[in-house]
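In what follows, a structure is listed as structure tokens, so that the remarks can point back to it.
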Amino acid sequence: MATTALHQAIGTLYSHGCFHQEHGTASLRLVSNGFRVDIRLLRCESYQSRKRNLVVSQASTSQTSVSNPVSSPSKNATTESRKKSNEAALILIRHGESLWNEKNLFTGCVDVPLTQKGVEEAIEAGKRISYIPVDMIYTSALIRAQMTAMLAMTQHRRKKVPIVMHDESEQAKSWSRIHSEETKRQCIPVVTAWQLNERMYGELQGLNKQETADRYGKEKVHEWRRSYDIPPPNGESLEMCAERAVAYFKEHIEPQFVAGKNVMIAAHGNSLRSIIMYLDKLTSQEVISLELSTGIPMLYIFKEGKFVRRGSPAGPSEAGVYAYTKTLALYRQKLDEKYQ
Ligand SMILES: O=C(O)[C@@H](CO)OP(=O)(O)O
């Protein structure tokens, strides 16, 4: 059975043209009879020599359960158009303003909620992406990212219900089971992952940014905040943050695009900077000047094994010509017809 699944997977990768890419990553996950089959083309030197990594491993229960409550999207028009175009959307949102952003404090992994302004930013972000399909949501384990994802989804035209997955124990999983297939189809699974958390800011957490600059010097603090490989005292550098955030993205999120799913990630300034660095192939010099505003959604399209940045949907009521592919325009039209 695993061999059949493996052959199907290879066939799908070939049909997506994934073995012919010079850059980028292609991966596919199939779950069959308790086996998880991961087929991955690595984005590295060996990629150019067409090195293929095949991993067949026993499925972990948490992996398989993530997709369990996902609606079978084959019933809606989006999937029909997706099948034709083989494209999927990726929305990245940095959380709205938090109470410590407002106070100008280093936050890192301290779990601080949104301010009223942050709540409004998240709702505004939701308006901007209200016509972009979302089948899966990933957030960090921190409340500011989770609030942002949930508030944004209150604005979505499709009106599916985001449901937080609880895979922390068999009991949590069983107690949160949904017993109606139709209801499951109207839900969007929300997966929370600590790997998407903000970089851990070490001994700077809770300190005022201006006072820290006054004490250690502006340049030193800028180096701690924006350099790629210099960590703040006892904290994570961007490079260290990327090791867990990008690894999580490659292992858990990328396979969703290959399966045709549209994904939203609500996370943080630095975990998203590291993911954008990977998606846009930025150098460690280029990433220094990458700044992300709170609550502004960014859109990528995954097509033929590559991520293409489409900018940010322009405004709450405008599609923004650059942001909409034909498939997205069709999705918007269907939503308008259905929910007018
Ligand atoms: O304090 C933090 O956790 C981050 C994000 O707010 O700050 P910085 O912009 O300095 O990386």
Side-chain angles (χ1 to χ4, degrees), residues 90-130 132 134 137-156 162 190 192-201 204-210 212-213 221-222 224-226 232 235-236 238 241-242 245 249 263-277 279-280 282 287-300 309-316 318 320 323:
L90 164 62
I91 299 162
L92 304 178
I93 308 189
R94 182 183 172 201
H95 61 83
E97 182 195 69
S98 77
L99 283 156
W100 279 17
N101 290 142
E102 186 187 38
K103 289 179 187 295
N104 204 24
L105 304 182
F106 283 102
T107 314
C109 287
V110 182
D111 206 354
V112 180
L114 299 184
T115 58
Q116 180 60 39
K117 181 178 165 207
V119 168
E120 283 155 19
E121 284 175 336
I123 291 171
E124 187 68 13
K127 289 182 185 158
R128 292 181 185 210
I129 56 158
S130 60
I132 297 179
V134 178
I137 298 173
Y138 290 85
T139 77
S140 74
L142 301 173
I143 193 77
R144 57 194 186 273
Q146 295 176 9
M147 285 177 81
T148 301
M150 294 303 188
L151 289 165
M153 288 313 290
T154 61
Q155 302 303 308
H156 203 277
V190 180
T192 58
W194 69 268
Q195 292 91 333
L196 299 174
N197 280 7
E198 182 53 289
R199 72 195 281 190
M200 200 276 283
Y201 249 120
L204 300 188
Q205 289 183 177
L207 302 192
N208 182 283
K209 290 177 184 173
Q210 186 54 52
T212 310
V221 171
H222 187 258
W224 284 336
R225 292 180 67 185
R226 291 294 170 262
E236 283 184 307
L238 186 63
C241 175
F249 181 86
V263 175
M264 179 169 98
I265 304 177
H268 304 264
N270 294 292
S271 52
L272 289 176
R273 282 173 78 227
S274 71
I275 290 172
I276 291 172
M277 185 180 178
L279 295 175
D280 290 353
L282 302 182
V287 79
I288 292 175
S289 50
L290 176 62
E291 292 285 348
L292 303 183
S293 311
T294 49
I296 303 291
M298 287 156 283
L299 178 67
Y300 285 80
R309 190 200 262 260
R310 302 287 296 194
S312 177
E318 284 169 60

Within-4.5 Å side-chain heavy-atom neighbours: V190 and M153: no

Kindly indicate whether the side chain of E198, heavy atoms from C-beta on, has any atom under 4.5 Å from the side chain of S140. no

Which value, rounded to the nearest 0.5 Å, describes the distance between M147 atom CE and T139 atom OG1? 12.5 Å

Exam field: side chain T107 to backbone L105, donor-acceptor pair closer than 3.5 Å: yes

Taking C-beta and beyond as the side chain, do I288 and H222 meet within less than 4.5 Å on heavy atoms? yes

L92 side, atom CG; L272 side, atom CG - distance, nearest 0.5 Å: 5.5 Å

Closest non-hydrogen contact found for H156 with I132 is NE2-O, 2.6 Å

For side chain to side chain donor-acceptor pair (under 3.5 Å), just list the numbers for T115 and E97, CA-CA rounded to whole Å, side-chain angles, deciding distance to a tenth of an Å, and then say yes or no. CA-CA 6 Å; T115 58; E97 182 195 69; 2.6 Å; yes

For the side chain of T148 and the backbone of G96, is there at least one donor-acceptor N/O pair under 3.5 Å apart? yes

R144 side chain to S98 main-chain N or O, any donor-acceptor pair under 3.5 Å? no

Please check: side-chain N/O of R273 versus main-chain N/O of L290, any donor-acceptor pairing under 3.5 Å? yes

If I compare all heavy atoms of V221 with all of A213, which pair ends up nearest, and what's the gap? CG2-CA, 3.6 Å

N208 side-chain N/O to Q210 backbone N/O, donor-acceptor pair under 3.5 Å: yes

Sidechain-backbone polar pair: R199 side chain, R225 backbone, donor-acceptor under 3.5 Å: yes

Just verifying a value: how many Å separate F249 CZ and L279 CG, rounded to the nearest 0.5 Å? 4.5 Å

With no hydrogens and no angle check, just 3.5 Å: does a side-chain donor-acceptor pair link T294 and E121? yes

Quick check: do R309 and I276 have side-chain heavy atoms less than 4.5 Å from each other? yes

With a 4.5 Å cut-off on side-chain heavy atoms, are L196 and I275 touching? yes

Check whether any side-chain heavy atom of Y201 lies under 4.5 Å from a side-chain heavy atom of N270, and answer yes or no. yes

Which heavy atom in A141 sits nearest to a heavy atom in N197, and how many Å separate them? N-OD1, 2.9 Å

Locate the shortest heavy-atom distance separating S271 from A267; write the atom from each residue and the value. OG-CB, 3.6 Å

Flag, side chain of D111 to backbone of I143, donor-acceptor distance under 3.5 Å: yes

Q116 side, atom CD; L99 side, atom CG - distance, nearest 0.5 Å: 10.5 Å

Reported OH-to-CD1 distance for the pair Y138 and I265, which is rounded to 0.5 angstrom: 8.5 Å

Interatomic distance, SG@C109 vs CD@Q205, rounded to 0.5 Å, equals 6.0 Å

Taking the side chain as every heavy atom from C-beta outward, state whether L142 and H95 have any pair of such atoms under 4.5 Å apart. no

Specify the closest pair of heavy atoms between I123 and Q155, including all atoms of both residues, with the distance to one decimal. O-CG, 3.4 Å

Test side chain to side chain contact (heavy atoms under 4.5 Å, CB included), reference C241, set H268, Q195, E236, output is E236

